[in-house]
Amino acid sequence: MTKRQKIWDVVFPLVFIWLCMAAVTVVLLLVTGLIVGEYDPEKIYDRVPTLPMWISIAAFGLTLLLQKNNYRVDSMRFPMRDGGWKAWQMVCGCLCVTFAGHVWSSLITGSGLERVFTGYTQNAAPAFENQNLLLLILGTVILGPAAEEMIFRGMLFRRAAYYAGMRKGILLSAFCFGIYHGNVIQFLYASVLGFLLAFVYERSGDLRAAVAAHMSVNAWAVFGDRLIRKTFHGSVPASCLAAEAAACVTCFLLLYFRRKQKSA
């Protein structure tokens, strides 16, 4: 393969999920607009608040359906070393990513960057507010992690690691995962999350570990963070973040050095 062909092979999964999301958005907006008698997207979203979740559910479901065969082919084209993770390692991976995600999200929120880069608070965040709980779980905790892990770790990361090496593969997949989210705030958050999810996948050799970790961090974002803020009257105590950071580092080191010892 030429260099250009390799680049296209790597970025194709990202392009596919973008196009899939765009196509589903257009179709559902048109159909919903015809039903409610509106043609302005903002007014359609106001009339049907659950539409963003239906778009996500449909796009993720379609991605899983259309790309599952390509993922299976990639599993043979670019084999991953089986890390032989046990249950405790799966738990450590989930805790590491979940706590890191919450700490990093809290730091971004506390930095004031959301007031500078308003794309997230104006466009992305409202889509998840006051949503039907079952739709929120189905879209963000189940289908979203499954589809995104298949695309970004199961395909894009595998290809990048094969062509450019494991370290570059991790960094490139993390960067693409950040770009995919479409605004500066989510780019900063998702890039770090993508790095950790690629680390979990590389260490375990099992996409299910990355999917479980992704589900865990999204579930925590939906339920855990809200519970903490409600308990502590709207803010997350520094002691809570410090405990999460310590647990994250501990889990990361356990997974890192366990692999080192096993390789030795």
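If you're wondering where the values come from, they're calculated on a predicted model, not measured in any experiment.
Taking the side chain as every heavy atom from C-beta outward, V73 and F78 never approach each other to under 4.5 Å. With a 4.5 Å cut-off on side-chain heavy atoms, F12 and L156 do not count as touching. In this structure, the side chains of I185 and T121 stay at 4.5 Å or more apart for every pair of heavy atoms. Between V24 and F60, the closest side-chain pair of non-hydrogen atoms is not below 4.5 Å. Counting only heavy atoms from C-beta outward, the side chains of L113 and V184 never approach each other to under 4.5 Å. L14 has its side chain out of reach of I151: every pair of non-hydrogen atoms, C-beta onward, lies at least 4.5 Å apart.
To the nearest 0.5 Å, atom CG of residue L62 and atom SG of residue C20 are 4.0 Å apart. Here the CG-CE distance, from L207 to M155, works out to 11.0 Å after rounding to the nearest 0.5 Å. The CG atom of N132 sits 10.0 Å away from atom CG of L138, with the distance rounded to the nearest 0.5 Å. Interatomic distance, M90 CE to L95 CG, rounded to the nearest 0.5 Å: 13.0 Å. Note that CD of Q186 is 10.0 Å distant from OG of S105, once rounded to the nearest 0.5 Å. Taking CD of E202 as the start and CZ of R81 as the end, the distance is 6.5 Å to the nearest 0.5 Å.
Across all non-hydrogen atoms, the minimal contact from A190 to H181 is CB-ND1, 3.4 Å. The two residues C94 and S216 make their nearest non-hydrogen contact at O-OG, 3.9 Å. Closest heavy-atom contact between A210 and L197: O-CD2, 3.6 Å. C92 and L254 get closest at one heavy-atom pair: SG-CD1, 4.1 Å. Considering every non-hydrogen atom in both L135 and M53, the closest pair reads O-CE, 3.5 Å. Here the closest heavy-atom approach between residue M215 and residue P145 is recorded as CG-CB, 3.7 Å.
Judged by distance alone, the side chain of R158 and the main-chain N or O of G154 form a donor-acceptor pair under 3.5 Å. Remark: side-chain polar atoms of T25 are paired, donor with acceptor, to backbone N or O of M21 under 3.5 angstrom. Counting only distance, with no hydrogens or angles, the side chain of W104 and the backbone of L188 share a donor-acceptor pair below 3.5 Å. Proximity of a side-chain donor or acceptor of N218 to a complementary backbone N or O of T140 within less than 3.5 Å is detected.
Within 6.0 Å of CZ in F195 there are 12 or fewer heavy atoms belonging to other residues, nucleotides or ligands. Within 6.0 Å of the CH2 atom in W54, the count of heavy atoms belonging to other residues, nucleotides or ligands does not exceed 12. Remark: Y71 OH is packed, more than 12 non-hydrogen atoms of other residues, nucleotides or ligands lying under 6.0 Å away.
Within the structure, side chain to side chain donor-acceptor pair (under 3.5 Å) contacts touching residues 27-48 (residues at least two apart or in different chains) do not occur. Residue pairs that meet the side chain to side chain donor-acceptor pair (under 3.5 Å) test with at least one member in residues 5-17, sequence neighbours left out, are T2-Q5, D9-R77, D9-R159, D9-Y163. Under the side chain to side chain donor-acceptor pair (under 3.5 Å) criterion, the residue pairs touching residues 56-68 are Q67-N70, with sequence neighbours excluded. Pairs passing the salt bridge (charged side-chain N to carboxylate O under 4.0 Å, His left out) check and including a residue from residues 206-219, sequence neighbours excluded, read D206-R208.
Transitive grouping of hydrophobic side chains (ILVMFWY, heavy atoms separated by less than 4.5 Å) keeps F99 and L193 in distinct clusters. F199 and L253 end up in the same hydrophobic cluster when Ile, Leu, Val, Met, Phe, Trp and Tyr side chains are linked at under 4.5 Å. Two different hydrophobic clusters hold V26 and L34 under the rule that ILVMFWY side chains link at heavy-atom gaps under 4.5 Å. Note: the hydrophobic cluster containing F187 also contains V15 (ILVMFWY, side chain heavy atoms under 4.5 Å, direct or indirect links). L107 and F117 fall within a single hydrophobic cluster, where Ile, Leu, Val, Met, Phe, Trp and Tyr side chains are chained together by heavy-atom contacts under 4.5 Å.
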(message) Quick one, L51 with L29, criterion side-chain contact (heavy atoms from CB on, under 4.5 Å). Give me CA distance, side-chain angles, the key distance, then yes/no.
(response) CA-CA 8 Å; L51 184 58; L29 274 174; 3.8 Å; yes
(request) Quick one: do F223 and L133 satisfy side-chain contact (heavy atoms from CB on, under 4.5 Å)? Show the steps, please. (result) CA-CA 10 Å; F223 302 109; L133 183 60; 3.5 Å; yes
(message) Before you tell me yes or no, could you show the steps for Y120 and Y189 under side-chain contact (heavy atoms from CB on, under 4.5 Å), namely the whole-Å CA-CA distance, both residues' side-chain angles and the distance that decides it to 0.1 Å?
(response) CA-CA 11 Å; Y120 173 70; Y189 173 76; over 6 Å; no
(request) For W85 and V200, run side-chain contact (heavy atoms from CB on, under 4.5 Å): C-alpha distance rounded to whole Å, both residues' side-chain angles, the deciding distance at 0.1 Å, then the answer. (result) CA-CA 10 Å; W85 271 20; V200 167; 3.9 Å; yes
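With ring centers used as reference points, F152 lies under 6.0 Å from Y180.
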Under 3.5 Å, which donor-acceptor pairs link side chains of residues 165-179 to any protein atom two or more places apart or in another chain?
{"unit_1": "S173", "atom_1": "OG", "unit_2": "G169", "atom_2": "O", "d": "3.0"}
{"unit_1": "S173", "atom_1": "OG", "unit_2": "I170", "atom_2": "O", "d": "3.0"}

Residues 237-250 side chain polar contacts: donor-acceptor under 3.5 Å, at least two apart:
{"unit_1": "E244", "atom_1": "OE1", "unit_2": "H102", "atom_2": "ND1", "d": "2.7"}
{"unit_1": "E244", "atom_1": "OE2", "unit_2": "H102", "atom_2": "ND1", "d": "3.0"}
{"unit_1": "T250", "atom_1": "OG1", "unit_2": "A246", "atom_2": "O", "d": "2.8"}

